[in-house]
Amino acid sequence: MPYPHQIKSFEEYKAAYKKSVEAPEEFWAEIAENFTWKKKWDTVLNWNFEEPKIEWFKGGKLNITENCLDRHLETKGDQPAIIWEANDPEEHHRILTYKRLHEKVCMFAHVLKNNGVKKGDRVCIYMGMIPELAIAVLACARLGAIHSVIFGGFSAQSIADRLIDAQAEYIITCDGAFRGAKDIPLKSVIDDALIGIRFVKKVIVYTRTHTPVSMIKGRDVWWDDEIKKVETLGLHDFPAEEMDAEDPLFILYTSGSTGKPKGVVHTCGGYMIFTNYTFVNVFQYQPKDVHFCTADIGWITGHSYIVYGPLSAGASSLIFEGIPTYPDASRFWKIIEKFKVNVFYTAPTAIRSLMGHGDAPLENADVSSLKVLGTVGEPINEEAWHWYDQKVGKGKCPVVDTWWQTETGGILISNMAGVTPSRPGWATLPLPGIQPVLLDEKGNEIPETAGELTTGNLCIKFPWPGILRTTYGDHERCRLTYFSAYPGLYFTGDGAFRDKEGFFRITGRVDDVLNVSGHRIGTAEVENAINMHAGVVESAVVGFPHEIKGQGIYAYVIYNGREDTDDRNRKDILATVTRIIGAIAKPDKIQFVKNLPKTRSGKIMRRILRKMAEGDTQNLGDTSTLLDPAVVDEIKDGRL
Ligand code: WT7
């Protein structure tokens, strides 16, 4: 039995679920036995959601990289750990076996150490999707440094904010990254981010694109030079730092309803166990399967289901550098054919976009190796679900709809491939260990017997090993954001339906957070960026349904700047947003308005703006509290 905790039938699922609720500590302790510990834990779980304080396997000593690398060397040393496909299909792919990956991680851990990185230091990683990104992440973990990966699409300003928040003194980056037909000059963005920052001690630069870069004496060093030094000394192994299960493993910044992203903190032990458990069960991974998760390692999906989940399970994990439509829309299918991919995990937005290219790109590729399909990041509409199931999976691959969040570390609600039932558009049942509840608008728990179909705000009432522990540097913010709306519960920020069988359908965010192409963007953050533009007086940002992206960004802007055409002013605002946050936060629509609909107390009535952005100008609901109802008509007339 390769995975002793892999559930094989619906009956086994029900039994595991029951046990996980009745005896959670025993349940998770049994699973934890299947990992390599330097020392066993003192207590399985200490918790209260009031502070909150959550500790799993406290006193247990381990290093996650021993679980992801060392323990596989004997039996899987020559198996691919990482399969890498370049942006350009003509460029040769790379395969790193477990032995090779282990060696590379150890050598780079030496490089980090030689450059001053110590246990507990924060290391910012800003790289493209190359194996060295995974190597950098794992090398930090080997040494006990806390990595904070920043997605390559974020701007210098966003990087600077995160560097300051995390007080990260070390940066690992690349000269540039290839993305479709574009080169992204990563090092140059880092240079911009560092203009006003004095505390960064070292920047390690990997050569990928051969873009000219500036290298500052004493601060910037080349990855390859540093590796050569280690090689000369024959340092191919690096003793894994002993970490407490509750020591932080990484920080990952994510957006919320305030203007400032927060650093979600995950710890070594619980996160490892949870990503491994969910990986093995949801995807029903079998030894030697090739697992292809298309996410970027800059997001939680990449952390959990490209790096830590798969590698801790000794899997072969595919890393793809490019984009789904370059050089054409058959790219994913050709990769599946080339590497005989068995498990394919992507976002609904990618599915919808590829569906839009018709069936021809799929017909030219052999995707018969596929066994399991997965989706993540946003609700999937039924049309896309069926296309995925029928055209990609040929009706023979279970589709898992996996609901989770950066904060949850791993999948919480999902069917398990071929083991528990699936239903289009439904994430279905909670995984063992997860106790979801729905709350009505008064904050009361809706009983499971309440009816055929109930709906409310989704909360979780018991901790699981992968739950966030804090938000970096501001524990109170963690409490306020997740544990104060409904005392005693973790609030997800999502709304959901539940049917009488206990199946969940996630409807999306109920707060001021948008989900654009599966990326989380706070409306307040976008507003702040728009308001930075010299001519902008005020703005309000809402989401609207977008055929491909799921949600698009609609901005209402009061403008009183340099006189020019609306089109030019729009472009300037877009350039400002790109500069402040990054291109991912650019509004799809900018409507210039004279006023925003406000209540007498000066609060913007977003509900009305949302309705109008959705194209519904009839059912605006109660507008009697508006200070000036005429504002609404003006906005209505100017709709884009
Ligand atoms: C938000 C979390 C989890 C990794 C990627 C996004 C939405 C996520 C689903 C799904 C419906 C989903 C939720 C959630 N979401 N998965 N299967 N069905 N909605 O992570 O950036 O932390 O965003 O994504 O709204 O709260 P994230």
Side-chain angles (χ1 to χ4, degrees), residues 149-151 153-154 251-257 261-266 271 274-275 278-279 282-283 293-309 345-352 373-382 384-385 388 399-415 422-431 434 436 457-460 466-468 471 481-482 485 490-498 503-523 525 543 549-551 584-585:
V149 185
I150 301 180
F151 174 62
F154 281 110
I251 304 170
L252 188 58
Y253 284 86
T254 190
S255 298
S257 33
K262 37 189 185 286
V264 168
V265 175
H266 285 288
Y271 175 81
F274 195 65
T275 52
T278 51
F279 172 73
V282 171
F283 302 106
C293 165
T294 70
D296 193 289
I297 294 176
W299 307 109
I300 190 70
T301 309
H303 282 60
S304 301
Y305 300 110
I306 296 179
V307 182
Y308 290 114
Y345 189 32
T346 197
T349 187
I351 298 169
R352 286 190 297 264
L373 300 175
T375 77
V376 59
E378 44 176 325
I380 181 162
N381 50 309
E382 285 194 30
W385 195 98
Y388 200 32
V399 176
V400 290
D401 179 348
T402 67
W403 173 81
W404 57 296
Q405 310 176 297
T406 303
E407 295 84 347
T408 70
I411 300 163
L412 297 197
I413 303 182
S414 173
N415 50 317
S422 70
R423 193 190 295 166
W426 289 67
T428 73
L429 295 167
L431 296 188
I434 309 306
N457 286 351
L458 180 61
C459 292
I460 318 282
I467 189 174
L468 87 161
T471 48
T481 313
Y482 307 106
Y490 166 80
F491 177 42
T492 65
D494 280 322
F497 283 109
R498 183 181 58 208
F503 280 36
F504 286 88
R505 178 194 179 95
I506 313 299
T507 48
R509 306 289 306 193
V510 295
D511 51 10
D512 289 323
V513 173
L514 305 181
N515 193 327
V516 181
S517 301
H519 297 157
R520 212 157 127 179
I521 299 170
T523 52
E525 246 177 288
K549 300 181 182 179
Q551 266 188 313
I584 52 168

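Just so you know, ligand 1 is whichever comes first in the structure, and atom 1 is the first atom listed for that ligand. Being a predicted model, the structure only gives us computed values, none of them experimental.
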Novice: Tell me which part of T301 gets within contact of ligand 1: side chain, backbone, both or neither, using heavy atoms under 4.0 Å.
Specialist: side chain
Novice: When you check the side-chain N and O atoms of D494 and W403, is any donor under 3.5 Å from an acceptor?
Specialist: yes
Novice: What's the shortest distance from atom 16 (N) of ligand 1 to any protein heavy atom, and which residue and atom give it?
Specialist: G377 N, 3.1 Å
Novice: Any nitrogen or oxygen of G518, side chain or backbone, less than 3.5 Å from one on ligand 1?
Specialist: no
Novice: Can you confirm whether L431 sits close enough to I411 that some side-chain heavy atom of one is under 4.5 Å from a side-chain heavy atom of the other?
Specialist: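 L431 reaches I411 side chain to side chain.
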Novice: With atoms numbered from 1 as shown, which atoms in ligand 1 lie under 4.0 angstrom from a non-hydrogen atom of D494?
Specialist: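 Near D494, the atoms of ligand 1 are 13 (C), 14 (C), 25 (O), 26 (O).
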Novice: Record the part of Q405 in heavy-atom contact with ligand 1 below 4.0 Å; permitted values are side chain, backbone, both and neither.
Specialist: both
Novice: Any N/O of T402 closer than 3.5 Å to an N/O of ligand 1?
Specialist: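 It does: an N or O of T402 is found under 3.5 Å from an N or O of ligand 1.
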Novice: Could you establish whether G493 and ligand 1 come within less than 4.0 Å of each other, counting only heavy atoms on the residue side?
Specialist: no
Novice: Check side chain to side chain donor-acceptor pair (under 3.5 Å) between T346 and all other residues, then give those that pass, not counting sequence neighbours.
Specialist: T294
Novice: Check whether the ring centres of F283 and Y345 lie less than 6.0 Å apart, and answer yes or no.
Specialist: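 Yes; Y345 has its ring centre under 6.0 Å from that of F283.
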Novice: Could you check atom 10 (C) of ligand 1 against the protein and tell me its nearest heavy-atom contact, residue, atom and distance included?
Specialist: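 Of every protein heavy atom, E378 O, 3.6 Å lies nearest to atom 10 (C) of ligand 1.
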Novice: For ligand 1, which atoms have a heavy atom of I506 less than 4.0 angstrom away?
Specialist: 11 (C), 19 (N)
Novice: For ligand 1, is A427 a contact, meaning one of its heavy atoms is under 4.0 Å away?
Specialist: no
Novice: Ignoring hydrogens, just give me the one of W426, W403, F504, W404 whose non-hydrogen atom is nearest atom 2 (C) of ligand 1.
Specialist: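 Answer by nearest heavy atom: W404.
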Novice: Just going by heavy-atom distances, which of P379, S414, P348, A295 is nearest to atom 11 (C) of ligand 1?
Specialist: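 Considering heavy atoms of P379, S414, P348, A295, the nearest to atom 11 (C) of ligand 1 sits in P379.
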Novice: Give me the nearest non-hydrogen protein atom to atom 23 (O) of ligand 1 as residue plus atom name, then the distance to 0.1 Å.
Specialist: R520 CD, 3.3 Å
Novice: T278 side chain to F274 main-chain N or O, any donor-acceptor pair under 3.5 Å?
Specialist: yes
Novice: Does the side chain of E378 come within less than 4.5 Å of T349's, by heavy atoms?
Specialist: yes
Novice: Measure I300 to ligand 1 on non-hydrogen atoms and call it side chain, backbone, both or neither using the 4.0 Å cut-off.
Specialist: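 Only the side chain of I300 comes within reach of ligand 1.
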Novice: Report the member of D401, I411, N515, V400 with the shortest heavy-atom distance to atom 17 (N) of ligand 1.
Specialist: D401
Novice: Quick one: does T254 get an N or O within less than 3.5 Å of an N or O on ligand 1?
Specialist: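 No.
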Novice: Quick check on the 6.0 Å ring-centre criterion: do Y490 and Y482 meet it?
Specialist: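 Ring-ring flag for Y490/Y482: true, centres closer than 6.0 Å.
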Novice: Taking C-beta and beyond as the side chain, do R520 and T406 meet within less than 4.5 Å on heavy atoms?
Specialist: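 Side chain of R520 against side chain of T406, heavy atoms only: contact under 4.5 Å found.
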Novice: After noting the C-alpha distance and the side-chain angles of T402 and Y305, does the key distance pass the side-chain hydrogen bond (donor to acceptor under 3.5 Å, both in side chains) rule?
Specialist: CA-CA 12 Å; T402 67; Y305 300 110; over 6 Å; no
Novice: So, does N515 use its side chain to make a donor-acceptor pair with the main chain of G377 at under 3.5 Å?
Specialist: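 Yes.
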